[in-house]
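Below is one structure, written out as structure tokens; comments come after it.
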Amino acid sequence: MISTRVSELFGLEYPILQGGMAWVADAQLASAVSMAGGLGIISAMNLDAEYLRGQIRQYRETTDKIFGVNIMLMSPHAEACSQVVAEEKVPVVTTGAGLPGRFIPMWLEAGVKVVPVVPSVAIARRVAREGACAVIAEGCEAGGHIGDLTTLTLVPQIVDAVDIPVIAAGGIADGRGVASVLMLGAEGVQCGTRFIAAQECSVPPAFKEKIVSARDIDTMVTGRRLGHPVRALKNSYMLEFAKRERDSSISNEELEKFGTGALYRAAREGDMETGCIMVGQSAAMVKETLPARDIIVGMFDQAEQLLRKTGRWVS
Ligand code: TUI
């Protein structure tokens, strides 16, 4: 058994969070992860507050295990969804793609534990000061919207900078990843890509097949020109985006417009060519679709075995 401040803080059997992936992380996936002993996260999906409220209620009909909601701060519905999180007294909120400071007092007042995703030391320090109870240090191996630093360099620096527990994300898909980030000082992991391939995840089968067949060099990053780089699988959509990004006659507004709806096309409609298949570099390490429970138990069994053997190099 691996116990850390993260498992204690949330009362988990395993210190693992499921990423709050837009258009992917619904109540069904979150409840499968939480029932398996991790922390399931429902994404507000870029949809309105009432959709989120419905998902929270659907989750609560399935299980009374602890769960979280992810607020994507670039969403036009971020404010309204943040209010729903407080009103529904959601146990945990994770945030991404921005600074959550303006919402933190309201969440703390409602008893919600705040766990922001942070891409740098300065942002980790800032949210710790503002009342976060843990941070998710996400390296650029991750899928979707990413920062500049790798997990290997980001995690130990954030561990040194803040006193609250650090959860590592980006590139972690098996027990070796779990064991490694514990060595860096993290006390938990967040996995996104591995859980997209969970049996309980409702993305179209074609999306899961893309993950299972991905090779090491199959992801790429676009969107740096717009200030929000995004990692996804290389396909016609991503190559076309990269081409337009290099073309100075195309305005940023036109480029943004080209990106609108692309994740939805991949994750909900199964369009693997004109959709944006947001996955991390760890896609290449995902070999099969499994129930969430088998994913979690397998990862932590492997991590435990590895950690027990670490003494063998030291005399
Ligand atoms: O948020 C994510 N991953 C995401 S959000 C998303 S939806 C989207 N679609 C198209 C374009 C952009 C986004 C898909 N994937 N991960 C957490 C994360 N947060 N990664 C990086 C950050 C982050 C970045 C900057 C957190 C704070 C931050 O603050 C700096 C600032 O200036 O806002």
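Residues: numbered from 1 along the sequence shown. One-based numbering, in listed order, for ligands and for the atoms of each.
For ligand 1, the protein residues within 4.0 angstrom (heavy atoms only) are Met72, Met74, Gly96, Ala97, Gly98, Leu99, Val117, Pro119, Ile123, Glu138, Gly144, His145, His228, Val230, Met278.
Lys257 and Glu253 are not joined by a salt bridge, as no carboxylate oxygen comes within less than 4.0 angstrom of a charged side-chain nitrogen. We find that Glu254 and Arg244 are not joined by a salt bridge, their nearest charged nitrogen and carboxylate oxygen being 4.0 Å or further apart.
Arg224 is linked by a salt bridge (Lys or Arg N to Asp or Glu O under 4.0 Å) to Asp148, counting only residues two or more places apart in sequence or in another chain. For Phe207, there are no ring pair (Phe, Tyr, Trp, His ring centres under 6.0 Å) partners at least two apart in sequence or on another chain. Contacts of Tyr51 classified as ring pair (Phe, Tyr, Trp, His ring centres under 6.0 Å), with partners at least two apart in sequence or in another chain: none.
Residue Arg225 qualifies as enclosed at atom CZ: its count of foreign heavy atoms under 6.0 Å is above 12.
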